[in-house]
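This report refers to the structure that appears directly beneath it.
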Amino acid sequence: MSKEETQDENLVNEEEILETQEEDAQEVESPMSKLELIEAELAEYKDKYARVHADFDNIKKRLEREKYTAVEYANEKFAKDMIPVLDALDGAMKSSEGEAEKAELFDKLKEGIELTHKSFLTQLEKHGVALVAHDEPFDPNIHNAIQAVDSEDVESGQIVQTFQTGYKYKSRPLREAMVVVAN
């Protein structure tokens, strides 16, 4: 081997050594930069998590407030619909203050009470409250039999008489009707 070949070989070896050292330096830097990238990414995820968690808490609190408000004012529409019924009763009471004959006054009061009763039932029906039917067969879910009698006019199991009117809200009984049932 000539001197030139040896020098060329040394140069190649030195270049390989330098490349190896650069690669080693990059490898040493690489884990550090990767760690820094991962830490930055972790910080970003923590920030996103904190923001999402705060948004969730705010939404939860807002929904809770809305729920309480809805429950608190749930009967508002019903109350507004009852005001005309009260007005009709006030009118009936004021009509008794007039100077009229007792028979005429009685007829006016009776008519006013009937109209008020009808208005009241209409408003209740509008909100899902209905009278329990009395002309149907006895149903222990909505009727309370307080007495059973023999009757030639009505079939067994039918309602003969109603002592107290029953009411139901949609399909649930609010108050059972107190009835007399035929044997």
Side-chain angles (χ1 to χ4, degrees), residues 1-90 116-146 157 159 162 164-179:
M1 252 186 170
S2 72
K3 210 177 185 181
E4 283 180 19
E5 287 178 355
T6 308
Q7 284 178 347
D8 285 341
E9 194 175 301
N10 285 340
L11 279 175
V12 170
N13 284 339
E14 284 178 24
E15 286 176 7
E16 286 177 5
I17 291 172
L18 285 175
E19 284 177 14
T20 305
Q21 287 175 348
E22 285 176 18
E23 286 176 7
D24 289 344
Q26 284 178 353
E27 285 179 11
V28 169
E29 274 184 20
S30 189
M32 290 305 281
S33 64
K34 283 183 182 177
L35 180 61
E36 289 170 356
L37 286 172
I38 290 172
E39 286 176 346
E41 192 175 340
L42 177 63
E44 182 182 335
Y45 286 136
K46 282 183 178 180
D47 182 55
K48 282 183 182 179
Y49 170 77
R51 290 176 190 273
V52 167
H53 187 67
D55 285 345
F56 175 76
D57 281 345
N58 290 338
I59 290 169
K60 184 178 172 184
K61 288 175 187 174
R62 188 188 77 221
L63 289 174
E64 195 69 23
R65 279 191 311 269
E66 288 175 1
K67 180 180 83 171
Y68 285 123
T69 301
V71 168
E72 186 173 337
Y73 291 97
N75 295 325
E76 181 178 13
K77 186 175 182 200
F78 179 74
K80 282 182 178 180
D81 288 340
M82 290 296 111
I83 291 172
V85 176
L86 286 174
D87 291 340
L89 285 172
D90 287 340
T116 303
H117 185 261
K118 182 179 177 182
S119 173
F120 194 73
L121 287 176
T122 301
Q123 295 304 327
L124 286 175
E125 287 175 1
K126 181 178 176 182
H127 290 278
V129 178
L131 295 170
V132 171
H134 304 291
D135 55 351
E136 295 179 0
F138 176 76
D139 180 356
N141 295 318
I142 57 174
H143 298 110
N144 181 13
I146 58 172
I159 296 170
T162 302
Q164 187 176 48
T165 304
Y167 296 91
K168 59 184 177 178
Y169 179 68
K170 298 186 181 182
S171 62
R172 289 185 178 176
L174 291 174
R175 181 177 81 183
E176 296 174 333
M178 295 175 76
V179 295

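- Taking R51 as the reference, D47 meet the salt bridge (Lys or Arg N to Asp or Glu O under 4.0 Å) condition, with sequence neighbours excluded.
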Under 3.5 Å, which donor-acceptor pairs do the side chains of residues 167-175 form with other protein atoms, sequence neighbours left out?
| unit_1 | atom_1 | unit_2 | atom_2 | d |
| --- | --- | --- | --- | --- |
| R175 | NE | T165 | O | 3.1 |
| R175 | NH2 | T165 | O | 2.5 |

For a quick test of your reading: what N or O donor-acceptor pairs under 3.5 Å do the side chains of residues 127-140 make, sequence neighbours left out?
| unit_1 | atom_1 | unit_2 | atom_2 | d |
| --- | --- | --- | --- | --- |
| H127 | NE2 | D81 | OD2 | 2.6 |
| H134 | ND1 | T162 | OG1 | 3.0 |
| H134 | NE2 | V132 | O | 3.3 |
| D139 | OD1 | N141 | N | 3.0 |
| D139 | OD1 | N141 | ND2 | 3.3 |

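- For the pair E176 and H143, the tightest heavy-atom approach, listed with the atom from each and the gap, is CB-C, 4.3 Å.
- Separating the CG atom in D90 from the CD1 atom in I83 is a distance of 11.5 Å, to the nearest 0.5 Å.
- Listed by chain and number, the residues in a salt bridge (Lys or Arg N to Asp or Glu O under 4.0 Å) with E44 are K48 (sequence neighbours excluded).
- K60 pairs by the salt bridge (Lys or Arg N to Asp or Glu O under 4.0 Å) definition with nothing, not counting sequence neighbours.
- Interatomic distance, CG of N58 versus CG of L63, reported as 11.0 Å (0.5 Å rounding).
- For the pair K126 and T122, the minimum side-chain heavy-atom distance is 4.5 Å or more.
- E66 is linked by a salt bridge (Lys or Arg N to Asp or Glu O under 4.0 Å) to R62, counting only residues two or more places apart in sequence or in another chain.
- Within the structure, every pair that satisfies the ring pair (Phe, Tyr, Trp, His ring centres under 6.0 Å) test and touches residues 39-70, not counting sequence neighbours, is listed here: Y49-H53.
- For M82, the side chain to side chain contact (heavy atoms under 4.5 Å, CB included) test picks out F78, F120, Q123, with sequence neighbours left out.
- Between K61 and E64 there is no salt bridge, since none of the side-chain N atoms of the basic residue sits less than 4.0 Å from a carboxylate O of the acidic one.
- Judged as a side chain to side chain donor-acceptor pair (under 3.5 Å), not a single pair has a partner in residues 70-80 (not counting sequence neighbours).
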